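Nothing here was measured: the structure is a model prediction, and the numbers come from that model.
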Amino acid sequence: MKLKKASLLTKLVVLALLIGAATGLLNLRQQILTAEADLAEAQSRVAEQKQVNAELADAVENSGDPERQADLARSKLGLVEPGEYIFRFTD
């Protein structure tokens, strides 16, 4: 049984197909890396937002607490109870 040798044109076509496949794989690899980075960033933002949501839920849940209201009045509005003094330090 005799085997025919591949012609130069066949070899060039196979080489071109291999180069095309390698280029496509490299592009896919870059897309995967970009997608993984985007996923990590999105997961980080989700974790931050969950923390904010938990803090807001706690604030709503404890909004009727007199101590919390007094703390908010002090920190947000600068109010004090009778007999208290405020000391502000400036640089």
Please check if the side chain of Q30 supplies one atom and the backbone of N27 the other of a donor-acceptor pair under 3.5 Å. no
Donor-acceptor pair, side chain of S44 and main chain of A40, under 3.5 angstrom: no
Which residues satisfy the side chain to side chain contact (heavy atoms under 4.5 Å, CB included) test with E36, sequence neighbours excluded? I32, L33
Answer yes if Y85 and L79 sit in the same cluster of Ile, Leu, Val, Met, Phe, Trp and Tyr residues linked by side chain heavy atoms under 4.5 Å apart, and no otherwise. no
Please report the interatomic distance CZ(R29) to OG1(T34), rounded to the nearest 0.5 Å.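 With rounding to 0.5 Å, CZ (R29) is 10.5 Å from OG1 (T34).
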N/O donor-acceptor pairs under 3.5 Å from side chains in residues 55-65, not counting sequence neighbours:
from	atom 1	to	atom 2	distance (Å)
E55	OE2	Q51	NE2	3.1
D58	OD1	N62	ND2	2.7
N62	ND2	D58	O	3.3
S63	OG	V60	O	3.1

Quick one: are K50 and V46 in side-chain contact, heavy atoms under 4.5 Å?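 K50 reaches V46 side chain to side chain.
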Side-chain donor-acceptor pairs under 3.5 Å in residues 10-19, sequence neighbours left out?
from	atom 1	to	atom 2	distance (Å)
T10	OG1	S7	OG	3.1

With L72 as reference, evaluate K76, R74, Q69 under the side chain to side chain contact (heavy atoms under 4.5 Å, CB included) test and give the passing residue.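 Considering K76, R74, Q69, a side chain to side chain contact (heavy atoms under 4.5 Å, CB included) with L72 is found only for K76.
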